[in-house]
Amino acid sequence: MVILAATATDLRRDPRAPRSVRDVETVFDAHVDRGVVERALAASTFGSMWLDIPRPDYPQATESIVCDLLVVGGGYAGLWTALHAAQRNPDLRIVLIEANRIGWAASGRNGGFVDASLTHGLENGKTRWPTEIDTLEAMGRENLDGMQADIESLGLDAEWQRTGMLLVATEPHQVDWLAAAAHGQGQLLGLREVRDEVLSPTYLSGLYSPDTCAIVHPAKLAFELARACQEAGVRIYEHTNAQRLDSAGVALRIHSDAATFTCRNAVLATNVFPSLLRRNRLRTVPVYDYVLATEPLTGRQLDRIGWRRRQGIGDCANQFHYYRLTVDNRIVWGGYDAVYHFGRKVDDRYEDRAATYRRLAAHFFITFPALDDVRFTHRWAGAIDTNTRFCAHWGLARDGRVAYVNGFTGLGVASARFAADVCLDLLDREPTARTELEMVRRRPLPFPPEPLASIGIQATRWSLDRADHSAGRRNILLRTLDALGLGFDS
Ligand SMILES: Cc1cc2nc3c(=O)[nH]c(=O)nc-3n(C[C@H](O)[C@H](O)[C@H](O)COP(=O)(O)OP(=O)(O)OC[C@H]3O[C@@H](n4cnc5c(N)ncnc54)[C@H](O)[C@@H]3O)c2cc1C
């Protein structure tokens, strides 16, 4: 376990101080004071900072409801589906049901990076769909621009900022990776240039892509999409958990505790939660991701590290950190630990994981030792719907009347909008450029049942960590997974 054991000020002076977050285990053994981390976390409250704002209420469904399209799930995928369905056909009777509250799950807890990639990064897409990657990249860019256009034309107040993305190398071998990735992909920055952008002693080089990423307030995006849905005529119900899906002649019947929905078509946008379709149960696993948010930085604190362009930032390790500024200058800092629990369960008991928050905080102060007086106000976690290809997959069921999407893994904020259009295209049964994609037509291999899933995932995680600690060298397990097209390469 990584415990920060010296004050950050000591670290700046200490010649043995780690120059990268992955150095930390060896170097910090020499120190004994855990004070900085403990103090910084002491007043943090548990729960998503994004959801710590007033939000609208929607009623529970308590009757029999007939509609043309029923959307199950009130996260981004469901909301974009309902909104775009209403825009395509304003006469359609559309109902969206949400088991809990709109945007309470991944859509209200994420980092708010709106990345154009539909494939969880270029490398992952290139490896899996080499012949269509250019199309996928172009469609991803078009989707990001379309999202911006939707947000502007609908007047959604989601704190959208097209800041671009800065990838940073914090280990010598990553400098080569970034240089290789740079071809046509943004501006490569040397050590001095990257630290001129954002001052961290851990940065060795950077790759700045000004146009491929925006940042957003995740929960506001969900709430504002719900408002736009309602204004477009969609009926929204919260606290309405779809428990069973039956075919009833040409109609579908979906049952919740207190209501029955009869509809012609349905879209299942239930992400990491148990699917209403048995066939989907082994296709994804929940992997927990953890996040911290600081108090708003003062002007002086921010001046110590620069960050004037406010880019989203990520390092390029297998176990990576992602971080960004909010409009009120907090730093949202997440990633690194990605935890799978035996049994595939989504369970809020997995979320408050003290060791992980301490590790994340320690990494924060190593990255920004100049911010040793900053405190964290929030800590939270969410389950990520992970499949074996690390990006969304789709399908049709019940004679083509039910479309579903799952498996966004860690990059669903932008791709959920694309996914919604794919679901609507699939239900229309008219081939489109989207539905013709191999990525859309093919589904990933399922994960094996337990205990094999757990053994395999833990072994892969251990191997990725070893690769990060040994100049990126992938062991036999990772190389085998790569060869089988199951490797994580983003
Ligand atoms: C901590 C964290 C950080 C992340 N950071 C990023 C990031 O920076 N950028 C990025 O692109 N992606 C990120 N992601 C991933 C991204 O948040 C998700 O891919 C995206 O929000 C998925 O949207 P969704 O609508 O599919 O799922 P969700 O937001 O999970 O919504 C699914 C909804 O369906 C409802 N539901 C499920 N079953 C039923 C049922 N039977 N009946 C009724 N309702 C049901 C659930 O209650 C839930 O509200 C992150 C995820 C996490 C957890």
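Given the structure is predicted, the values throughout are model-derived calculations rather than measurements. All ligand and atom numbering here is 1-based and tracks the order in the structure. Numbering starts at 1 and runs along the sequence shown.
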Checklist entry - Is the backbone of His217 close enough, under 3.5 Å, to the side chain of Glu159 for a donor and an acceptor to pair up by distance? => result no
Checklist entry - Which ligand 1 atoms are under 4.0 Å away from a heavy-atom of Trp104? => result 46 (C), 47 (O), 48 (C), 49 (O)
Next on the checklist: Give the atom numbers and elements of ligand 1 that come within less than 4.0 Å of a heavy atom of Asn241.
Outcome noted: 40 (C), 41 (N), 42 (N)
Next on the checklist: Is the distance from the ring center of Phe364 to that of Phe376 below 6.0 Å?
Outcome noted: yes
Checklist outcome for this item: shortest atom 42 (N) of ligand 1-to-protein heavy-atom contact is with Ala242 N, 2.9 Å
Next on the checklist: Nearest non-hydrogen contact with atom 32 (C) of ligand 1 belongs to which option: Ala269, Gly410, Gly74?
Outcome noted: Ala269
Item to check | Identity and separation of the nearest protein heavy atom to atom 44 (N) of ligand 1 | outcome: Ala99 N, 3.0 Å
Next on the checklist: Ile384 versus ligand 1: do any nitrogen or oxygen atoms come within less than 3.5 Å of each other?
Outcome noted: no
Checklist entry - Nearest to atom 34 (O) of ligand 1, what protein heavy atom do you find, and at what distance? => result Gly73 CA, 3.3 Å
Checklist entry - Rounded to the nearest 0.5 Å, what separation is found between the CZ atom of Arg235 and the CD atom of Gln230? => result 11.0 Å
Checklist entry - Do Tyr322 and ligand 1 have an N or O pair less than 3.5 Å apart? => result no
Checklist entry - Taking heavy atoms and a distance under 4.0 Å, where does Phe408 meet ligand 1: side chain, backbone, both or neither? => result side chain
Item to check | Phe113-ligand 1 polar pair, N/O distance under 3.5 Å | outcome: yes
Checklist outcome for this item: Among non-hydrogen protein atoms, atom 23 (O) of ligand 1 lies closest to Ser107 OG, 3.4 Å
Checklist entry - Between Asn241 and Asp257, is any pair of side-chain heavy atoms under 4.5 Å apart? => result no
Next on the checklist: Trp380 versus ligand 1: do any nitrogen or oxygen atoms come within less than 3.5 Å of each other?
Outcome noted: no
Item to check | ligand 1 to Glu98 polar contact by distance, N or O atoms, under 3.5 Å | outcome: yes
Checklist outcome for this item: A student comparing Ala338, Gly382, Gly108 should find that the heavy atom closest to atom 53 (C) of ligand 1 comes from Gly382
Item to check | ligand 1 atoms in contact with Thr409 (distance to a heavy atom under 4.0 Å) | outcome: 15 (C), 19 (O)
Next on the checklist: Between Phe447 and Tyr340, is the side-chain contact (heavy atoms from CB on, under 4.5 Å) condition met? List the steps.
Outcome noted: CA-CA 13 Å; Phe447 287 94; Tyr340 172 73; over 6 Å; no
Checklist entry - Among Val291, Asp289, Asn271, whose heavy atom sits nearest atom 28 (P) of ligand 1? => result Asn271
Checklist entry - When you measure from atom 6 (C) of ligand 1 to each heavy atom in Asn110, Ile102, Asn100, which option holds the nearest one? => result Asn110
Next on the checklist: Suppose we measure from atom 5 (N) of ligand 1 to each protein heavy atom; which comes out shortest, and what is that distance?
Outcome noted: Gly111 N, 3.0 Å
Next on the checklist: Give me the nearest non-hydrogen protein atom to atom 31 (O) of ligand 1 as residue plus atom name, then the distance to 0.1 Å.
Outcome noted: Gly75 CA, 3.4 Å
Checklist entry - Hey, is the main chain of Ser107 close enough, under 3.5 Å, to the side chain of Tyr76 for a donor-acceptor pair? => result yes
